[in-house]
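Taking it in order: structure first as structure tokens, then the write-up.
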2 protein chains.
Amino acid sequence: MELHEAKDKFIQAWGAFGSQWGINRSMAQVHALLLISPEALSTEDVMEQLNISRGNANMNLRALIDWNLVDRILKTGERREFFQAEKDVWKIATHITRERKKRELEPMVRLLGELKQTSGTTHETKAFKQMAHDLHDLTSRIDAVLERSTRSDVQWFLKAASTLLR
Amino acid sequence: MELHEAKDKFIQAWGAFGSQWGINRSMAQVHALLLISPEALSTEDVMEQLNISRGNANMNLRALIDWNLVDRILKTGERREFFQAEKDVWKIATHITRERKKRELEPMVRLLGELKQTSGTTHETKAFKQMAHDLHDLTSRIDAVLERSTRSDVQWFLKAASTLLR
DNA sequence: TTGAACTTCCAAATAATATTGAAAGATTTC
DNA sequence: GAAATCTTTCAATATTATTTGGAAGTTCAA
């Protein structure tokens with residue numbers, strides 16, 4: 001496969017993949033583009049290569065910086081800002097995991113913790129409390145596992161273990 | 001908190017949570033409703049309780065059955081079908097994981113496997129191939145971990161280990 | 001075979017989300 | 001300090017996803 005075609009496929013696929021996971025298509029595409037660019041790109045570069053507007057490019061670049069997936073680069077003698085993606089896939093996975101854990105999982109755990117204390121003793125209430133309890137238990141465990149496995153001081157271990165278990 | 005309020009909060013939250021994860025709001029809400037219903041519900045029940053149309057209720061019930069999260073129940077002497085959610089949260093998590101793995105992760109692994117063989121030796125091509133390779137490696141590993149941890153014959157072990165590690 | 005009771009399908013309507021582009025805001029240079 | 005260059009904002013617009021509701025399909029009992 002030729003580079004041009006492969007690049008395009010990758011960007012499209014990453015965009016589609018992202019939108020299945022609640023990340024908007026453009027944000028995922030900008031990320032894909034930066035992931036495979038050996039050099040940092042300017043806003044203009046991103047606009048051109050993906051055919052998107054300035055506003056869109058800007059908004060998504062900022063969002064990626066917010067997620068710690070992209071760094072702003074200042075080149076000496078250049079007025080413009082450049083953008084470069086984190087290239088270490090373990091770090092990428094860690095950052096995405098931690099961000100989503102914080103934004104989505106933690107609030108859910110908190111809510112379930114409250115809900116499992118609902119008052120009442122009817123058949124219906126009991127079923128509800130049981131489910132809230134079980135889900136709270138499950139989500140807390142998942143939260144704990146993710147917390148441990150994304151702590152930077154255990155990354156080296158996971159990487160190693162994963163290789164050994166191959 | 002009263003049951004009515006708690007139920008409502010749960011359904012809304014599960015719906016919002018779902019839509020952040022690429023599952024449409026109604027499907028997640030129907031699932032939430034069934035999760036906390038001690039008895040199996042009919043299509044009419046779902047329509048009424050969630051204020052959604054027949055078509056919508058039907059479509060999402062079918063989708064949930066497809067995902068193995070809901071079972072069709074036939075009551076003797078009743079013409080209608082009833083629907084009941086799987087209540088074991090470990091099974092729920094397993095079914096969701098396997099389904100998404102199959103639908104989303106596996107195709108991505110396959111694509112990356114192809115892309116990492118792109119031809120060329122330029123600076124740009126090398127960066128591309130490197131990233132495709134690394135991502136392929138990462139996603140395959142994740143796939144392997146999920147495959148093992150959702151095999152029904154190791155569920156008992158995970159459940160036990162998770163309790164010990166609490 | 002008919003009709004009642006359901007389920008499913010699908011085109012049109014609606015709602016939610018993402019994108020554009022022009023204008024305003026910053027920052028740097030001369 | 002004002003022109004040039006770049007970034008950010010946001011209301012309008014476009015796109016995409018979801019939902020509706022009526023029509024067609026299915027199943028079953030009599």
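Each chain gets a letter, A, B and so on, in the order the sequences are listed, and its residues count up from 1.
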In terms of side-chain geometry, is the basic nitrogen of D137(B) or R141(B) positioned less than 4.0 Å from the acidic oxygen of its partner? yes
Atom CZ of R25(B) and atom C1' of dT14(C): how far apart are they, to the nearest Å? 14 Å
Under 4.0 angstrom between T43(B) side-chain N/O and dC6(C) OP1 or OP2: no
Applying salt bridge (Lys or Arg N to Asp or Glu O under 4.0 Å) to R110(A) and not counting sequence neighbours gives none
In plain terms, say whether E44(B) and R54(B) are close enough for a salt bridge, that is, a side-chain N and a carboxylate O under 4.0 Å apart. yes
Along DNA chain D, first and last positions that approach a heavy atom of chain A under 4.0 Å: dA4(D) to dT9(D)
Any luck finding a side-chain donor-acceptor pair between W21(A) and E104(B) under 3.5 Å? yes
Should K75(B) and E81(B) count as an ion pair when the cut-off is N to O under 4.0 Å? no
Mind jotting down which residue pairs meet the salt bridge (Lys or Arg N to Asp or Glu O under 4.0 Å) criterion with at least one end in residues 2-18 of chain B? Sequence neighbours excluded, please. E124(A)-K7(B)
Nearest-Å distance, NZ (K75(B)) to P (dC6(C))? 13 Å
Partner set under side-chain contact (heavy atoms from CB on, under 4.5 Å) for A28(B), not counting sequence neighbours: W14(B), I23(B)
Checking all strands, does S26(A) fall into the base, sugar-phosphate, or nothing category for heavy-atom contacts under 4.0 angstrom? sugar-phosphate
Residues passing the side-chain contact (heavy atoms from CB on, under 4.5 Å) test with L69(A), sequence neighbours excluded, are H31(A), L64(A), W67(A), I92(A), H95(A), I96(A)
Grab the CD-P distance between E44(B) and dT7(C) for me, whole Å please. 8 Å
Near DNA chain D, which residues from residues 45-74 of chain A have a heavy atom under 4.0 Å away? R54(A), G55(A), N58(A), R62(A), R72(A)
Please compare R79(A) and S19(A) by the position of their nearest nucleotide in DNA chain D and report the one closer to 5'. R79(A)
